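This structure is a prediction, so every number in the text was calculated from the model and none was measured. Below, read A as the first sequence line, B as the second, and so on, with proteins coming before strands; counting in each chain starts at 1.
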2 protein chains.
Amino acid sequence: MLSQDDSRSAKPGKRATINDVARVAEVSKKTVSRVINQSPFVREDTRERVQAAIDELGFIPDPQARGLAFRRSFLVGMIYDQPSPTYVVNMQQGILDALKGSGLELVVHPCSRNSPTLLKDIRGFVERQRLFGVIMPPSVSEDDAVIELLRELDCPYVRIASLALDEPQNMVVTNDWIGAAEAARHLADLGHRRIALVRGLASFRSSAVRGQGFIDALAERGIALTPEYDLQGAYTYESGVEAGHALLSLPQPPTAIFTLNDDMALGVMQAARERGMELPRDLSVVGFDDLPMAARVWPNLTSVRLPIREMGQMAAEKLLAPMRGVDPAKLQQPEVRPALVVRSSAASLG
Amino acid sequence: MLSQDDSRSAKPGKRATINDVARVAEVSKKTVSRVINQSPFVREDTRERVQAAIDELGFIPDPQARGLAFRRSFLVGMIYDQPSPTYVVNMQQGILDALKGSGLELVVHPCSRNSPTLLKDIRGFVERQRLFGVIMPPSVSEDDAVIELLRELDCPYVRIASLALDEPQNMVVTNDWIGAAEAARHLADLGHRRIALVRGLASFRSSAVRGQGFIDALAERGIALTPEYDLQGAYTYESGVEAGHALLSLPQPPTAIFTLNDDMALGVMQAARERGMELPRDLSVVGFDDLPMAARVWPNLTSVRLPIREMGQMAAEKLLAPMRGVDPAKLQQPEVRPALVVRSSAASLG
DNA sequence: CTGAAAGCGCTTACAG
DNA sequence: CTGAAAGCGCTTACAG
């Protein structure tokens with residue numbers, strides 16, 4: 001009988017459980033549970049004894065068992081429809097930075113906003129996994145139906161977007177307009193006056209926000225953006241090529257073009273090349289995103305960088321705040337500051 | 001008393017459990033469990049009755065409860081040290097393609113092979129989550145210590161690599177040499193004879209495999225790769241710039257350069273530009289990876305494309321095979337066929 | 001082919 | 001501040 005107990009305390013090859021810890025620390029498993037969950041109702045010396053047992057046994061609470069009892073898993077979902085791999089991977093990295101040491105894991109869930117099963121898919125994902133929370137970058141972060149669903153499912157979420165669409169505890173606001181304004185000032189400072197804008201998809205809020213930041217900053221320098229210099233693109237390379245040709249075939253073509261992402265900037269550069277122009281001599285181009293290729297194309301592309309990784313980290317920290325006993329609305333987080341990365345694709349005028 | 005039972009059968013707002021299904025189908029929960037797990041030991045009419053109850057109640061088995069009882073979760077881990085975001089995201093997408101409908105989810109776990117805590121981190125991740133399995137692209141897929149650890153932890157895994165490093169059920173082999181050979185033939189067909197090679201990091205098996213495919217195909221055309229045309233790069237843009245300058249300052253510079261990834265190809269193009277060369281007139285360049293930017297730079301980069309998404313899908317299917325009652329070693333899967341995407345960065349000689 | 005009992009490793013709700 | 005009991009929603013091991 002006794003030998004059976006002894007063998008149980010050894011448990012070769014098997015992970016220690018809360019029962020093992022309780023036995024070694026000579027407390028009930030409930031007390032061990034209190035220590036794990038950082039309950040304040042544990043006497044200091046008891047806590048220390050339990051902690052010592054935890055350390056000795058190398059005990060790690062089983063997230064599945066905890067999740068089952070809590071009726072909530074230790075999984076954070078990232079739901080995204082972002083087409084840019086760089087954006088997605090950097091944001092994943094940032095979320096993982098914040099999750100490190102918390103015991104939470106990141107489950108990825110790409111989606112398509114125009115899929116007829118979008119809501120059904122997300123519901124299945126969130127409900128089945130009883131997610132701890134969800135983080136969404138644009139544009140799915142801007143989808144009212146998705147947000148409504150998450151509220152109905154009682155699933156905590158953080159939205160990343162260029163506008164404050166929600167309460168502070170559910171938002172990371174990216175201030176894209178600051179970056180667009182910097183781009184405008186940069187081009188104006190280089191002496192350009194005939195400056196054009198190529199917008200992204202109108203269904204993305206970032207397109208309006210970035211566009212407005214650009215227009216406002218130009219206006220500060222006394223430059224008005226005329227309608228023929230204000231084109232609608234689609235955030236794709238192809239739409240950049242098209243917009244580039246449209247702008248460069250104008251009777252009075254612009255000397256500089258700002259596109260609301262890098263893919264379109266490269267499209268504009270392609271169009272200029274197809275027309276026999278030399279860059280940046282004949283045309284200055286500035287993009288937005290600072291993709292890795294911005295530093296690799298010729299001429300190197302001047303572009304606005306958003307701190308994507310930090311944005312992911314900030315979002316995850318908002319999600320974790322309640323668990324850490326912090327009010328997420330009062331969480332001190334740095335402002336998201338876009339920055340212009342100046343390279344050689346925009347040059348001074350003549 | 002009865003009314004209490006009735007209210008239980010309704011359970012407004014709460015998810016149906018296996019008990020609800022058992023009650024409605026008038027069987028034991030064990031029989032429901034057998035149906036969920038596709039046990040053959042269920043009479044056909046019983047199965048149908050249970051299935052009808054499952055459908056009626058919208059019952060979805062709780063993965064956490066199943067995982068706890070199974071001592072294995074329903075999470076697939078992707079462990080990677082791949083620096084290319086496009087590669088990572090495409091592979092994630094492919095894994096998710098295969099996981100769809102299986103009830104498994106994808107948990108991402110970037111790592112660094114030269115981190116001193118690499119093995120500890122992976123052990124913690126796999127052990128704590130009791131992962132269903134793990135998928136690894138290069139170069140972590142080539143790490144013997146990691147594989148040994150996964151075996152010790154009894155965690156199923158699939159390795160993606162350019163060489164058969166493991167048993168077939170644990171491998172997706174990517175045949176990179178085929179793509180490199182195609183690049184060689186393409187350049188030879190364009191009339192080039194002075195053709196140089198810029199390799200990647202020697203610690204990546206792909207570098208040797210791709211290099212050999214290139215050399216062999218050149219040899220078939222009667223072209224020998226001389227040592228001064230065979231340079232070691234590091235898979236980075238900067239190393240491409242450096243190799244480009246080294247090759248182009250040779251007394252007898254090459255007329256074409258094949259680099260073992262796209263980042264280095266763009267580096268070589270940058271070097272050529274810095275030397276005042278015009279592309280592709282003065283130099284042909286071919287890359288490997290077919291990153292999105294390959295189609296966006298000027299001139300558009302000819303590059304070898306690996307079906308990354310399909311590779312991820314194939315890997316996940318190997319992991320799922322046992323669950324589906326298939327022998328993973330005998331799983332019929334298509335060969336991974338790299339393909340050369342011909343654009344305008346490689347042109348015919350003179 | 002089917003089921004009653006015990007258990008996976010935790011937490012909640014209730015006592016004290 | 002601490003604990004014994006019951007339960008989270010499933011499966012295993014054992015019967016029959």
**Request:** Check DNA chain D against residues 126-133 of chain A and give the residues with a non-hydrogen atom under 4.0 Å, in numerical order.
**Result:** none
**Request:** Could you grab the distance from atom CZ of A:Arg123 to atom OG1 of A:Thr117, nearest 0.5 Å is fine?
**Result:** 13.5 Å
**Gap between atom CE of B:Met323 and atom CZ of B:Phe132 - 0.5 Å precision** = 4.5 Å
**Message:** For A:Pro137 versus A:Tyr87, what's the shortest heavy-atom pair and its separation?
**Reply:** CB-CE2, 3.6 Å
**Prompt:** Closest heavy-atom contact between A:Ser39 and A:Val42?
**Reply:** O-CG2, 3.9 Å
**Message:** Any carboxylate oxygen within less than 4.0 angstrom of a Lys/Arg side-chain nitrogen, looking at A:Asp166 and A:Arg151?
**Reply:** yes
**Asked** Does the distance from a Lys or Arg side-chain N to an Asp or Glu carboxylate O, for A:Glu44 and A:Arg47, drop under 4.0 Å?
**Response** yes
**Prompt:** With a 4.5 Å limit on heavy-atom distance, are the side chains of B:Ile18 and B:Ile36 in contact?
**Reply:** yes
**Prompt:** Mind checking whether A:Phe70 and A:Asn37 have side chains closer than 4.5 Å, heavy atoms only?
**Reply:** yes
**Request:** Can you tell me the distance, in whole Å, between the CD atom of B:Glu44 and the P atom of C:dC1?
**Result:** 10 Å
**Message:** Nearest whole Å is fine: how far is C:dC1 C1' from B:Arg49 CZ?
**Reply:** 12 Å
**Message:** From the set C:dT2, D:dG9, D:dG3, return the single nucleotide nearest to any side-chain atom of A:Thr31.
**Reply:** D:dG3
**Candidate nucleotides C:dC1, C:dC8, D:dT2, ranked by approach to the side chain of B:Leu68 - the nearest** = C:dC8
**Item:** Check: B:Glu105 side chain, A:Val107 main-chain N or O, donor-acceptor pair, under 3.5 Å
**Value:** no
**Message:** Could you check whether any side-chain N or O of A:Arg130 sits under 3.5 Å from a backbone N or O of A:Arg128, counting only pairs where one atom can act as donor and the other as acceptor?
**Reply:** no
**Item:** Base-pair map of DNA chain D as dot-bracket, where | denotes pairing with a different strand and pairs are Watson-Crick or G-U under 3.5 Å
**Value:** |||.||||||||.|||
**Message:** Please encode protein proximity along nucleotides 10-16 of chain D as a string of B, S and -, counting only heavy-atom distances under 4.0 Å.
**Reply:** BBB----
